[in-house]
Visitor: 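Pasting in a structure now, in structure tokens, and then I'll have a few things to ask.
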Amino acid sequence: MTTDPRNRQPEQAYEQDLEALRSAWDRLEKAEPPDLTNQAVLSLAKRELEAQGRAFRKRRSFKWLGAFATATIVVLALTLTIEQEQHSPVPAIEEADGIRLDRVKEFADEAEAPADTAAVKAGRENLSKHVPRQNVASAPAAEMKMADADALPESAENELPGAEDWIEQLLLLKESGQDASLAEELAAFRAAYPDYVLPPGLDD
Amino acid sequence: MQERTDEDLMTAYAQGNIEAFELLYNRHRGPLYRYVLRQVGDPATANDLYQGSWEKIIKARRRYTASAPFQAWMFRIAHNHVMDYFRRVRPERELAADHTQASGPGPEEQLQREKQIAGLRDAIDRLPADQKDTLLLKLDAGLDIQTIADITGTNREAVKSRLRYAVAKLKQALTEETGGIADDH
């Protein structure tokens, strides 16, 4: 058998040489990596997995944080919406009515005090001359109707809401769609201020 | 119970199973270490390169796909790592081996065992880098011609040629020293 590859040794001879070499190879010492190296590799493999787990958990926690932030924004938006609804025109009217109720209470207080004096009676007659009774009664608010019209003091005419304020209340009633109240209030206003030119939206 | 394949173990490790890696490591540490050690000769350097190879394997675990044979993938990483080392420390001309060398008489029938082992080790060390690499991938890793070609970036014929030259040179060296390769078969 020749060992010169340039002579194109037969495949079989090459295989035999390779097998012989493999046998000799097997008798070479079976070197193994040192224990310290083994430990280093295994601990590296473990550390990498731990880092991988930490990265995964971190990503997952950020996902949770994102969901939490979204939920918080939704809750805030809902809260703001509810708050705005509570301060919508309807409550504003109620508040406005509350102001007028305060005035009615004032009327009532004054009526309780100097009730049947002659001056009051004279004033009442004077008031009747300027403003029809039913108009005065209907002018402020619903509760005013409940009050005894006779109890109105002589200064009642002066206590009528100012035309501008009244117009503002009327507009609020219109905006809130309280048509019945609006019609009633509007009639009272016209009676109280017949020459007042109503703003657009109220004059029809 | 059926033994789990290397590919299964590597996939399991990539998914977080450390026990799978321990099994895989114990299965391949010897051949891989010997491949690196016989490439460089020096145990300290071999140790560094061996550890570095595993480090690359570990860090590349997410890129490993079970469709590729693990052993070939592992040796490709180690091979590239060792070649990078040689490029850093050896002149380029030493990597380009002379394939036309080596001729001599045929092997003798008997070898003295101790002399043969020592002679074989020396002969391996004297092989040109590409022949040595190919031979080690064949004998230490037990890879087939095509896989070696894939790992070393050559073709089947080049691998066969390198193996023939390597075998011939080892036979020649051993014949000169001890009278030939002892064939147990």
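So that the names make sense, note that chain A is the first sequence line, chain B the second, and so on, each numbered from 1.
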Visitor: Using a 3.5 Å distance criterion without hydrogens, assess whether the side chain of B:T147 forms a donor-acceptor pair with backbone atoms of B:L143.
Guide: no
Visitor: Is there a donor-acceptor contact under 3.5 Å from the side chain of A:S43 to the main chain of A:A40?
Guide: yes
Visitor: If we define contacts as heavy-atom pairs under 4.5 Å, which of A:L44, A:L18, A:N38 has the most with chain B?
Guide: A:N38
Visitor: For B:L32, is it the side chain, the backbone, both or neither that has a heavy atom under 4.5 Å from a heavy atom of chain A?
Guide: neither
Visitor: B:N155: what forms a side-chain contact (heavy atoms from CB on, under 4.5 Å) with it, not counting sequence neighbours?
Guide: B:E157, B:A158
Visitor: Is any residue of residues 43-61 of chain B within less than 4.5 Å of chain A by heavy atoms, and which ones?
Guide: B:N47, B:Y50, B:Q51, B:W54, B:E55, B:I58, B:K59, B:R61
Visitor: Which bit of B:N17 is near chain A, if near means a heavy-atom gap under 4.5 Å: side chain, backbone, both or neither?
Guide: backbone
Visitor: Going through the distances and angles, do A:E19 and A:R22 end up as a salt bridge (Lys or Arg N to Asp or Glu O under 4.0 Å)?
Guide: CA-CA 5 Å; A:E19 279 306 308; A:R22 201 191 305 275; 3.2 Å; yes
Visitor: Indicate yes or no for a side-chain donor-acceptor contact from A:Y193 to the backbone of A:V197 under 3.5 Å, with no hydrogens or angles considered.
Guide: no
Visitor: Report yes or no: do B:Q131 and B:K169 form a side-chain donor-acceptor pair below 3.5 Å?
Guide: yes
Visitor: So if I apply the salt bridge (charged side-chain N to carboxylate O under 4.0 Å, His left out) rule between B:R38 and each of B:D140, B:D133, B:D122, B:D125, which one comes out positive?
Guide: B:D140
Visitor: Quick one: does B:Y13's side chain have a donor or acceptor within less than 3.5 Å of a partner on A:A45's backbone?
Guide: yes
Visitor: Side chain, backbone, both or neither: which part of B:L37 has a non-hydrogen atom closer than 4.5 Å to chain A?
Guide: side chain
Visitor: Among B:L135, B:L139, B:I18, which residue has the highest count of heavy-atom pairs closer than 4.5 Å to chain A?
Guide: B:L139
